[in-house]
Amino acid sequence: MSFNIAVDGPAGAGKSTIAKQVAKRLGLIYVDTGAMYRAMALYMVRMGIDIEDEEKVIENCKNADITIKYEDGVQVVYLNGENVNAHLRKEEVSNAASKVSVIKEVRAQLVALQKKLAASSDCIMDGRDIGTCVLPDADAKIFLTASSAVRAKRRYDELTAKGEVCDLAKIQADIEDRDYRDMNRENSPLKQAEDAVFVDSSYMTIEEVVDTIIQIAEKRERGNSVSWK
Ligand code: DC
């Protein structure tokens with residue numbers, strides 16, 4: 001049996017930064033499920049399929065063969081045999097990913113891939129529905145969040161460091177819109193699993209969050225179901 005940690009939470013809570021560090025320290029692989037939805041979105045964009053046309057997306061999603069490999073410890077997403085990692089973070093793909101991810105058939109296809117990966121490897125997997133749908137029996141579940149103001153400020157600092165001009169209030173409004181969409185969609189909405197530990201990273205450093213998650217995982221590994229604050 002493999003050892004699995006599930007991490008869910010809203011966009012910008014720091015899930016991937018934290019999960020990558022936990023993976024390194026505990027010798028797990030890091031599975032970024034958002035990248036799979038992004039690869040599906042990239043396929044639709046490249047094929048010129050209208051993302052709003054649900055029937056067309058459903059008809060075509062089976063033709064997107066998405067596979068995951070680990071190269072030098074880094075997750076590489078292959079779309080029909082091509083390494084597409086460099087294309088997944090573009091704005092157009094992010095927007096399309098948020099739309100394809102509401103479609104039940106797309107989710108079923110990608111959740112099957114996620115379950116298979118988790119069954120065959122010790123991993124920390126992040127997303128929106130990992131603790132609730134993908135890995136209901138995960139050894140440890142974390143719901144990682146931060147206030148929308150803090151998440152907006154982190155994003156603002158990231159963009160300004162790259163020399164981009166941006167508006168903090170607009171970033172926060174976008175984050176709140178996305179939270180609303182993620183939490184209120186019909187299929188697998190973002191919500192905390194009953195047995196997940198709530199971690200609010202608003203006033204924690206990355207190291208503190210990583211240490212907290214490692215302590216939670218170690219407690220669970222010893223079969224101790226102490227609840228954490
Ligand atoms: O975490 P991310 O920004 O890379 O995710 C991309 C999109 O996929 C985002 O709109 C949320 C969605 N997603 C999802 O619905 N379920 C997951 N398990 C992971 C991501």
Side-chain angles (χ1 to χ4, degrees), residues 4-20 22-23 29-45 51-52 54 57-58 61 64 66 68 74-77 79 84-119 123-138 141-146 148 151-152 154-155 158-159 171 173-193 196 201 209:
N4 299 147
I5 304 177
V7 182
D8 292 299
K15 296 186 298 295
S16 66
T17 307
I18 304 290
K20 272 184 204 154
V22 173
I29 60 167
Y30 163 53
V31 183
D32 170 3
T33 62
M36 301 176 194
Y37 290 95
R38 288 168 181 272
M40 181 62 82
L42 177 65
Y43 177 78
M44 299 298 162
V45 169
I51 299 283
E52 313 282 346
E54 195 169 317
V57 172
I58 294 170
C61 65
I66 296 168
I68 302 292
V74 174
Q75 171 177 300
V76 181
V77 183
L79 172 60
V84 290
N85 271 20
H87 305 284
L88 300 180
R89 301 274 140 200
K90 293 181 185 143
E91 197 58 26
E92 187 187 19
V93 174
S94 302
N95 288 333
S98 117
K99 292 182 179 153
V100 298
S101 67
V102 305
I103 300 173
K104 198 168 78 209
E105 287 77 358
V106 167
R107 300 201 72 84
Q109 185 175 332
L110 298 180
V111 166
L113 171 63
Q114 292 155 16
K115 282 180 187 275
K116 214 162 109 190
L117 270 170
C123 72
I124 179 164
M125 181 179 285
D126 78 358
R128 306 293 189 286
D129 60 338
I130 311 305
T132 49
C133 299
V134 182
L135 305 176
D137 299 323
K141 296 182 186 178
I142 317 290
F143 191 83
L144 181 65
T145 190
S148 60
R151 286 183 282 137
R154 287 175 185 164
R155 182 79 186 131
E158 231 172 70
L159 292 171
I171 294 176
D174 286 348
I175 283 182
E176 287 169 1
D177 280 352
R178 213 169 342 143
D179 285 356
Y180 184 84
R181 272 206 305 272
D182 279 355
M183 291 174 171
N184 292 283
R185 68 182 180 209
E186 195 183 336
N187 297 312
S188 308
L190 168 66
K191 71 168 195 247
Q192 183 178 346
S201 74
V209 179

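When a ligand or atom number is given, it counts from 1 through the structure's own listing order. Each residue takes its place number in the sequence, starting with 1.
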*Less than 3.5 Å between some nitrogen or oxygen of Arg128 and one of ligand 1, yes or no?*
yes
*Could you tell me whether Arg185 and Asp129 make a salt bridge, using a distance below 4.0 angstrom between a side-chain N and a carboxylate O?*
no
*asked:* Give me the atom names and distance for the closest heavy-atom approach of Leu79 to Ile66.
replied: CD1-CG1, 4.0 Å
*With a cut-off of 4.0 Å, which atoms of ligand 1 are near a heavy atom of Ser98?*
10 (O)
*In ligand 1, which numbered atoms sit nearer than 4.0 Å to a non-hydrogen atom of Thr33?*
17 (C), 18 (N), 19 (C)
_When you compare ligand 1 with Asp126, is there at least one nitrogen or oxygen pair between them that comes in under 3.5 angstrom?_
no
*Are any of the heavy atoms in Arg185 under 4.0 Å away from ligand 1?*
yes
_Can you check which of Ala35, Gly9, Pro189, Gly34 brings a heavy atom nearest to atom 5 (O) of ligand 1?_
Gly34
*What are the two closest heavy atoms between Asp126 and Thr33, and how far apart are they?*
O-OG1, 2.6 Å
*Starting from atom 4 (O) of ligand 1, find the nearest protein heavy-atom neighbour and note its residue, name and distance.*
Arg38 NE, 2.7 Å
*Nearest neighbour in protein (non-hydrogen) for atom 7 (C) of ligand 1*: Ala97 CB, 3.9 Å
_Testing the basics here: between Met183 and Pro189, what is the closest heavy-atom pair and its distance to 0.1 Å?_
O-CB, 3.4 Å
*Contact between Arg107 and ligand 1, counting heavy atoms under 4.0 Å?*
yes
*asked:* With respect to Asp182, determine whether any N or O atom, backbone or side chain, lies less than 3.5 Å from an N or O atom of ligand 1.
replied: no
*At a non-hydrogen distance cut-off of under 4.0 Å, which region of Met36 contacts ligand 1 (side chain, backbone, both, or neither)?*
neither
*N/O to N/O below 3.5 Å, does that happen between Asp129 and ligand 1?*
yes
_With side chain to side chain donor-acceptor pair (under 3.5 Å) as the criterion, how do Arg154 and Ser201 come out once you've worked through the C-alpha distance, each side chain's angles and the decisive distance to 0.1 Å?_
CA-CA 12 Å; Arg154 287 175 185 164; Ser201 74; 3.2 Å; yes
*Should you measure from each heavy atom of Ser101, which atoms of ligand 1 turn up under 4.0 Å away?*
12 (C), 15 (O)
*Which atom names give the shortest non-hydrogen contact between Val93 and Arg38, and what distance separates them?*
CG1-O, 3.4 Å
*Where do Val84 and Ala39 come nearest, in terms of heavy atoms and distance?*
CG2-CB, 4.4 Å
*Would you say Tyr37 and ligand 1 have an N/O pair spaced under 3.5 Å apart?*
no
*Does any N or O in the side chain of Lys15 come within less than 3.5 Å of the main-chain N or O of Met125, such that one atom is a donor and the other an acceptor?*
no
_A side-chain contact here means heavy atoms from C-beta on lying under 4.5 Å apart; do Leu190 and Phe143 qualify?_
yes
